Amino acid sequence: TTCERWITTRPINQSKHTGPQHERCGLSHTWNKKEITVKILDVASHQHDANTGAWTAPMREFWPQAEAVIIKATEGTGYVNPFCDADYQQAKKDGKPRGFYHYASGGDPCAEAEYFYNHTKGYVRDGIPALDWESGGNAAWGDTSWCRRFVDRYHELSGIWPMIYIQASSIAQAANCASDCALWVA
């Protein structure tokens with residue numbers, strides 16, 4: 001499979017999402033358009049050769065084209081991407097805006113938020129944190145309170161509201177977070 005996830009982002013509430021440094025993502029920036037298109041590369045461990053750790057051919061092809069990257073950091077309370085820090089540091093070295101995400105497995109949302117924070121706290125206020133809320137491998141899929149409990153706990157720990165990646169057909173599952181968290185809608 002390819003490793004790209006090119007997206008178009010639409011800020012939900014521009015008045016709440018303008019710089020200087022703000023609580024929503026912890027970074028300084030301003031939106032100057034209602035819609036922007038950014039080539040964001042979604043990076044996970046499967047973009048690396050299992051034996052050598054080297055990037056796969058698609059990863060080598062898409063990395064130079066990416067205007068920003070978002071890197072899978074953790075999943076549930078038992079998985080840390082072994083290539084997360086190397087990819088994150090490469091993005092930083094290359095001057096790419098970057099984010100890092102937690103793939104929800106649907107366990108205890110507070111425990112998952114703590115696991116994510118504890119394994120990525122060195123990236124807080126340098127990159128944008130995100131929650132990846134999908135149905136695959138997610139025991140809590142359909143629970144409309146899970147994302148809210150996760151983002152509240154993450155915010156308690158970091159002072160930052162994470163972005164939430166979610167498919168458009170399931171946006172109701174994270175709608176109660178939209179006043180605090182940017183929604184990255186697939």
Side-chain angles (χ1 to χ4, degrees), residues 1-19 22-44 46-47 58 62 65-76 81 84 87-88 91 96-107 109 112-113 116-117 120 123-124 127-155 158 160-186:
T1 62
T2 60
C3 55
E4 81 281 0
R5 187 182 284 175
W6 302 139
I7 63 164
T8 299
T9 59
R10 292 177 180 87
I12 291 173
N13 184 333
Q14 292 182 12
S15 64
K16 281 190 168 185
H17 204 95
T18 57
H22 51 80
E23 189 176 282
R24 182 171 284 182
C25 72
L27 302 177
S28 300
H29 59 81
T30 11
W31 297 110
N32 57 12
K33 295 182 179 181
K34 291 186 179 185
E35 180 178 302
I36 58 173
T37 299
V38 180
K39 289 183 175 181
I40 299 177
L41 183 64
D42 179 359
V43 181
H46 67 271
Q47 278 98 21
F62 287 110
Q65 299 173 44
E67 297 167 344
V69 297
I70 187 157
I71 302 158
K72 181 176 182 176
T74 57
E75 182 173 337
N81 175 356
C84 178
D87 291 337
Y88 191 89
K96 293 182 186 293
R98 57 211 160 271
F100 50 99
Y101 68 90
H102 174 79
Y103 191 96
S105 70
E112 289 199 31
F116 178 48
Y117 175 75
T120 59
Y123 306 149
V124 173
I128 298 173
L131 169 63
D132 189 346
W133 182 251
E134 299 185 41
S135 61
N138 184 345
W141 184 251
D143 180 343
T144 58
S145 69
W146 198 98
C147 291
R148 181 80 253 179
R149 291 181 288 153
F150 178 96
V151 302
D152 284 346
R153 182 63 182 137
Y154 187 82
H155 182 260
S158 69
I160 304 296
W161 293 106
M163 175 172 62
I164 301 172
Y165 174 80
I166 190 166
Q167 62 196 53
S169 63
S170 302
I171 204 163
Q173 294 183 45
N176 60 0
C177 302
S179 64
D180 296 314
C181 303
L183 299 179
W184 173 7
V185 181

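Being a predicted model, the structure only gives us computed values, none of them experimental. Counting begins at 1 with the first residue of the sequence.
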Visitor: Could you tell me whether a side-chain N or O of Glu75 sits under 3.5 Å from a main-chain N or O of Tyr103, the two making a donor and an acceptor?
Guide: no
Visitor: Using the side-chain hydrogen bond (donor to acceptor under 3.5 Å, both in side chains) criterion, which residues pair with Asp87? Sequence neighbours excluded.
Guide: His48, Trp55
Visitor: In chain order, what residues pass the side-chain hydrogen bond (donor to acceptor under 3.5 Å, both in side chains) check against Ser170, with sequence neighbours excluded?
Guide: Gln167
Visitor: For a side-chain contact (heavy atoms from CB on, under 4.5 Å) check, start with the C-alpha distance between Lys96 and Ile40, then their side-chain angles and the critical distance, and finish with the verdict.
Guide: CA-CA 10 Å; Lys96 293 182 186 293; Ile40 299 177; over 6 Å; no
Visitor: Within the distance-only criterion (no hydrogens, no angle test), does the side chain of Gln65 pair as donor or acceptor with the backbone N or O of Phe62 below 3.5 angstrom?
Guide: no
Visitor: Distance-only, no hydrogens or angles: does the Asn81 side chain make a donor-acceptor pair with backbone N or O of Lys72 under 3.5 Å?
Guide: yes
Visitor: Before giving the answer on side-chain contact (heavy atoms from CB on, under 4.5 Å), spell out for Glu134 and Tyr165 the whole-Å C-alpha distance, their side-chain angles and the decisive distance to 0.1 Å.
Guide: CA-CA 8 Å; Glu134 299 185 41; Tyr165 174 80; 3.5 Å; yes
Visitor: Grab the two heavy atoms, one from Asn176 and one from Arg148, that are nearest each other, plus how far apart they are.
Guide: O-NH1, 2.7 Å
Visitor: Taking only residues two or more places apart in sequence or in another chain, which ones pass side chain to side chain contact (heavy atoms under 4.5 Å, CB included) with Pro109?
Guide: Trp146, Arg149, Phe150
Visitor: Can you give me the closest heavy-atom contact between Val38 and Ala68, atom names plus distance?
Guide: CG1-CB, 4.2 Å
Visitor: Might you work through the side-chain contact (heavy atoms from CB on, under 4.5 Å) test for Glu112 and Ser105, ending with a clear yes or no?
Guide: CA-CA 8 Å; Glu112 289 199 31; Ser105 70; 2.9 Å; yes
Visitor: Taking all non-hydrogen atoms of both residues, which atom of Trp133 and which atom of Asp143 are closest, and how far apart?
Guide: CZ2-O, 4.1 Å
Visitor: Gly106 and Asn138: which non-hydrogen atoms are nearest, and at how many Å?
Guide: CA-OD1, 3.2 Å
Visitor: Identify the heavy atoms of Ala130 and Phe116 that sit nearest to each other, and give their distance.
Guide: O-CZ, 3.7 Å
Visitor: Quick one: pull up SG in Cys177 and CD1 in Ile166 and give me the separation to the nearest 0.5 Å.
Guide: 8.5 Å
Visitor: Can you list everything that forms a side chain to side chain contact (heavy atoms under 4.5 Å, CB included) with Ser158? Sequence neighbours excluded, please.
Guide: Tyr117, Val124, Tyr154, Ile160
Visitor: So which atom in Leu41 and which in Ala66 form the shortest heavy-atom distance, rounded to 0.1 Å?
Guide: CB-CB, 3.7 Å
Visitor: From Tyr101 OH over to Ile71 CD1, what is the distance, rounded to the nearest 0.5 angstrom?
Guide: 9.5 Å
Visitor: Applying side-chain hydrogen bond (donor to acceptor under 3.5 Å, both in side chains), can you list everything that pairs with Thr120, at least two apart in sequence or on another chain?
Guide: none
Visitor: List in chain and number order the residues that pass ring pair (Phe, Tyr, Trp, His ring centres under 6.0 Å) with Tyr123, two or more places apart in sequence or in another chain; answer none if no residue qualifies.
Guide: Tyr88, Phe100
